[in-house]
Student: 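Supplied in structure tokens, the structure appears directly below.
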Amino acid sequence: MARRAAPVMLLLAAALGAGAQSAAERNRRGTEFLEKGDVARALVEFQAAARLRPEDPAIQFNVGLALFRLGRYREALAPLGKSLAYAPSAAQARYMRGVIRFELRDFAGCVRELEALGGEGRYGEHVLYMLVESYRNLNDTRRSQAAFAELNARHPDSAFLHKLMGMAHEWQGDDSKAIEEFAHALRVNPRMPEMAFAIGYIYFKQKRWEEARAWFAKELTLEPCSAKTHHYLGEIAFAEERLDEYGEALRETVSIDCGSYTPEGVNRVADLCQARFEAGGWTVERIPHRAAEGEPQLGDLVIGRLGGSGRPRVLM
């Protein structure tokens with residue numbers, strides 16, 4: 001079975017009293033917006049409902065789900081945690097918390113969440129994939145291999161299995177086999193943009209610009225808001241001395257509006273800028289934002305300094 005997005009488990013709160021009726025109505029409106037794909041407006045409604053009935057685990061689940069869909073992972077953890085005590089939402093909340101921990105590279109936290117899943121949910125292909133990688137990053141080879149064997153036994157043609165095989169071939173320096181496995185994963189599950197990126201990146205490292213550009217473009221058809229892909233398209237344009245296109249790619253990298261408005265999204269762009277500065281021999285200082293009470297949390301500030309003779313200059 002191919003990876004699926006977290007199911008929309010919208011839990012309508014029971015209405016008890018005038019205040020509860022108001023919360024239930026805001027929750028219902030949020031449900032309608034979410035089903036139409038308007039996640040931002042759904043979140044506004046769910047948060048309004050939660051302010052009226054903060055202890056309702058069904059409403060908390062919906063707040064967490066909307067934040068998860070918007071990529072606001074750190075913010076989603078708390079409301080999803082509050083919904084764990086409510087049986088209808090517990091499994092999906094636990095799964096999403098595991099995904100968030102995995103994406104934030106909190107592998108120990110990911111393992112704790114996923115191992116708490118009961119029944120067949122513990123053996124879903126995406127769950128097993130995250131366990132393989134989490135155990136590997138925690139240097140627990142035995143458990144990583146056991147999870148891989150479970151994935152292979154239960155889902156022998158899983159896109160995640162082919163992804164793992166491709167990663168192994170790439171680490172071993174067998175780029176052709178890696179591309180073959182990544183392409184197979186994409187055939188099994190066409191909604192895995194990271195596989196198109198992985199193939200493009202192999203070609204990028206080989207300086208095969210046309211092939212790299214084609215695969216990066218394919219990834220953008222699946223994930224238009226991939227800052228790293230715009231960054232590498234810019235690197236290709238720079239290598240080919242197409243400076244106008246290079247500048248446009250950089251503008252796309254820093255202006256992405258579905259992820260870059262979160263601290264995590266901003267910091268993904270900051271990671272790319274920091275790596276570029278360091279590769280060019282710059283001294284890099286990275287300053288985390290410390291939000292005052294009542295202010296929003298922002299991403300890091302990256303400062304690059306390049307020493308040399310002459311007067312100080314600021315390059316924009």
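Values below: all heavy atoms of this structure, side chains included; hydrogens, waters and symmetry mates excluded. Positions are given from 1 along the sequence.
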Student: Testing L186, I179, N189 for side-chain contact (heavy atoms from CB on, under 4.5 Å) with M195, which one passes?
Tutor: L186

Student: Answer whether the closest heavy-atom distance between the side chains of Y246 and E241 falls below 4.5 Å.
Tutor: no

Student: Should L164 and L151 count as side-chain neighbours, where that means a heavy-atom distance under 4.5 Å?
Tutor: yes

Student: Taking R154 first and then E150, would you say they form a salt bridge - that is, a charged N and a carboxylate O separated by under 4.0 Å?
Tutor: yes

Student: To check you understand the geometry: which heavy-atom pair defines the closest contact between G121 and V127, and what is its length?
Tutor: O-CG2, 3.6 Å

Student: Please name the pair of heavy atoms, one in A58 and one in D56, separated by the smallest distance, quoted to 0.1 Å.
Tutor: N-OD1, 2.8 Å

Student: Run the side chain to side chain contact (heavy atoms under 4.5 Å, CB included) test against L84 and tell me which residues pass, sequence neighbours left out.
Tutor: A93, R94, R97

Student: Looking at side-chain heavy atoms only, is the closest gap between E223 and R191 below 4.5 Å?
Tutor: no

Student: Report yes if some heavy atom in the side chain of R74 is under 4.5 Å from a heavy atom in the side chain of L104; otherwise report no.
Tutor: yes

Student: For residues H155 and Y123, is any side-chain donor paired with an opposing acceptor at under 3.5 Å?
Tutor: no

Student: Indicate the atoms forming the closest heavy-atom contact of P156 with A153, along with that distance.
Tutor: CD-O, 4.1 Å

Student: Are Y86 and F61 close enough that their ring centres sit under 6.0 Å apart?
Tutor: no

Student: Please determine whether side-chain contact (heavy atoms from CB on, under 4.5 Å) holds for the pair R122 and L131, giving the CA-CA distance in whole Å, both sets of side-chain angles, and the decisive distance to 0.1 Å.
Tutor: CA-CA 10 Å; R122 169 68 173 73; L131 286 173; 3.1 Å; yes

Student: Given R213 and E240, is the side-chain contact (heavy atoms from CB on, under 4.5 Å) satisfied, shown in steps?
Tutor: CA-CA 12 Å; R213 185 185 292 109; E240 296 179 335; 2.5 Å; yes

Student: Which residue pairs satisfy the salt bridge (charged side-chain N to carboxylate O under 4.0 Å, His left out) criterion with at least one member in residues 165-182, sequence neighbours excluded?
Tutor: E170-K205

Student: Give a yes or no on whether the backbone of Y135 and the side-chain of S144 come within a donor-acceptor separation of less than 3.5 Å.
Tutor: no

Student: After noting the C-alpha distance and the side-chain angles of M130 and F160, does the key distance pass the side-chain contact (heavy atoms from CB on, under 4.5 Å) rule?
Tutor: CA-CA 9 Å; M130 288 189 289; F160 292 106; over 6 Å; no

Student: Examine F182 together with H162 and report whether their ring centres are nearer than 6.0 Å.
Tutor: no

Student: What's the shortest heavy-atom distance between A159 and V188, and which atoms?
Tutor: N-CG1, 3.8 Å

Student: Looking at residues at least two apart in the chain, or sitting in another chain, which of them share a side chain to side chain contact (heavy atoms under 4.5 Å, CB included) with I303?
Tutor: E285, I287, L301, R305

Student: Anything under 30° is parallel, anything over 60° is perpendicular, the rest tilted; go ahead and classify F102 against F107.
Tutor: perpendicular

Student: Indicate yes or no: at least one non-hydrogen side-chain atom of F148 is less than 4.5 angstrom from one of L161.
Tutor: yes

Student: Does a side-chain heavy-atom distance below 4.5 Å link M165 with H184?
Tutor: no

Student: Remaining members of F204's ILVMFWY cluster at a side-chain heavy-atom cut-off under 4.5 Å?
Tutor: F197, Y201, W209, F216, L220, Y232, L233, I236

Student: Decide whether a cation-pi geometry holds between R208 and Y203; the criteria are a distance under 6.0 Å from NZ or CZ to the six-membered ring centre and an angle within 45° of the ring axis.
Tutor: no

Student: More than 12 heavy atoms of other residues, nucleotides or ligands under 6.0 Å from CZ of F33: is that the case?
Tutor: yes

Student: For a quick test of reading the model, state the closest non-hydrogen atom pair linking F46 to A66 and the distance between them.
Tutor: CD1-CB, 4.1 Å

Student: Can you name the residues that form a side chain to side chain contact (heavy atoms under 4.5 Å, CB included) with E248, not counting sequence neighbours?
Tutor: R251, E252

Student: Checking A50 now: which residues fulfil side chain to side chain contact (heavy atoms under 4.5 Å, CB included) with it, not counting sequence neighbours?
Tutor: I59, Q60, V63

Student: Using side-chain heavy atoms (C-beta onward) and a distance below 4.5 Å, is M167 in contact with W171?
Tutor: yes

Student: Would you say V99 and H126 make side-chain contact, with heavy atoms under 4.5 Å?
Tutor: yes

Student: Quick one: do L34 and D38 satisfy side-chain contact (heavy atoms from CB on, under 4.5 Å)? Show the steps, please.
Tutor: CA-CA 5 Å; L34 195 61; D38 193 341; over 6 Å; no

Student: Do the side chains of R41 and E45 get close enough for a salt bridge, i.e. N-O under 4.0 angstrom?
Tutor: no

Student: Please report the closest heavy-atom contact between G64 and A76, naming both atoms and the distance.
Tutor: O-CB, 3.6 Å

Student: Given the rule that I, L, V, M, F, W and Y join up when any side-chain heavy atoms are under 4.5 Å apart, are V44 and V39 in one cluster?
Tutor: no

Student: Between N137 (side chain) and E133 (backbone), is there a donor-acceptor pair under 3.5 Å?
Tutor: yes

